[in-house]
Amino acid sequence: TAATPTLSVTCAAATYNGAAHTYTGTATGVGGATVAGSWTFNPASETNAGTYTVTGTFTSTNSDYASGTATGTLTITPAAVTATAGSFTGVYNGAARTPSACAVTGTYTTGVTCTDSPATVGPGIGSGTVTPTVSGATTNFAVTTVNGSWSITAATPTLRLTCTAVTYNGAAHSCTGTATGVGGATVAGSWV
């Protein structure tokens, strides 16, 4: 009677990359010889991250060997993605500021985007954290987030001291000071 070949299904471990992943089957006969035949697999291929049991059916075309089935395990790991928030450092200018753009990096990032939160900072002085808001990251992606920061420091006003020329008259004479900020605005404060 026909011999039973040794059947095996090989599923190479993969990382999600948007492509379908397939498998290979081997049928080994007496003395390690390859047995002629064809393979069909169920499922035929897999694309998404996960662990799958694959059943391979071998149809022998060598009458000395029987057909049969074998199973294998396919593991597709999620693609590693890093979402890095933008940052901003500057001096007060009276306007809200925009951090540098949030960036998504990784070997495969198709469909994954991120935005900065908050999208603008200021206009007043201060500091804080910018966090990435990620979109499109399904279970096919393993996302690591990296916060950014923002800092707006005080501007230096234009200072002017005006002392009017006078003729001595025995009285005390004084000067006046002005502090001008962004856009020509008067900066509140006191002079001594």
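Because the structure is predicted, anything quoted here is derived from the model rather than measured.
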- Any residue meeting side chain to side chain donor-acceptor pair (under 3.5 Å) with S135, in chain and number order, not counting sequence neighbours: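 S135: no side chain to side chain donor-acceptor pair (under 3.5 Å) contacts found.
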- Message: Do P132 and N147 make a side-chain contact, defined as non-hydrogen atoms from C-beta onward lying under 4.5 Å apart?
- Response: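 Heavy-atom side-chain distance check passes, below 4.5 Å.
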Over all heavy atoms of both residues, which pair between [X] and [Y] is shortest? Give the atoms and the distance, please.
X    : Y    : answer
A103 : C114 : N-SG, 3.6 Å
A83  : V134 : CB-CG2, 3.7 Å
V91  : I152 : C-CG2, 4.0 Å
A137 : V143 : CB-CG2, 3.6 Å
Y52  : N48  : OH-O, 2.9 Å
T131 : A85  : C-CB, 3.8 Å

Does the [X] side chain pair with the main chain of [Y], one donor and one acceptor, at a distance under 3.5 Å?
X    : Y    : value
D116 : G86  : yes
W39  : G25  : yes
T82  : T105 : no
R97  : T89  : no

- Task: Could you walk me through whether Y108 and V81 pass the side-chain contact (heavy atoms from CB on, under 4.5 Å) test, one step at a time?
- Result: CA-CA 8 Å; Y108 185 82; V81 170; over 6 Å; no
- Is it possible for you to say whether V182 and I125 belong to one hydrophobic cluster, with membership spreading through side-chain heavy-atom contacts below 4.5 Å?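 Hydrophobic grouping puts V182 with I125.
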- Residue list, ring-ring contact (aromatic ring centres under 6.0 Å, His included) with Y23, at least two apart or on another chain: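 Y23 satisfies ring-ring contact (aromatic ring centres under 6.0 Å, His included) with F41 once adjacent residues are dropped.
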- Could you pull out all residues at least two apart from Y92 that satisfy ring-ring contact (aromatic ring centres under 6.0 Å, His included)?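 Partners of Y92 by the ring-ring contact (aromatic ring centres under 6.0 Å, His included) criterion come out as none, since no residue qualifies.
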Side-chain donor-acceptor pairs of residues 71-80 under 3.5 Å, sequence neighbours excluded:
unit_1: T77; atom_1: OG1; unit_2: A14; atom_2: O; d: 3.4
unit_1: T77; atom_1: OG1; unit_2: T15; atom_2: OG1; d: 3.3

- Gap between atom OG1 of T47 and atom CG of N17 - 0.5 Å precision: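 Those atoms lie 8.5 Å apart.
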- Item | Separation between CH2 of W150 and OG of S127, rounded to the nearest 0.5 Å |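 So the gap between those two atoms works out to 6.0 Å.
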- side-chain contact (heavy atoms from CB on, under 4.5 Å) partners for S60, two or more places apart: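 So S60 forms a side-chain contact (heavy atoms from CB on, under 4.5 Å) with V35, F58, N62, Y65, S67.
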- Query: To which residues is W191 joined in a hydrophobic cluster, defined by side-chain heavy-atom contacts under 4.5 Å among Ile, Leu, Val, Met, Phe, Trp and Tyr, whether direct or through other members?
  - Reply: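 Members alongside W191: L159, L161.
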- Task: Could you tell me whether the side chains of S8 and T26 share a donor-acceptor contact shorter than 3.5 Å?
- Result: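 The answer is yes; a qualifying pair exists.
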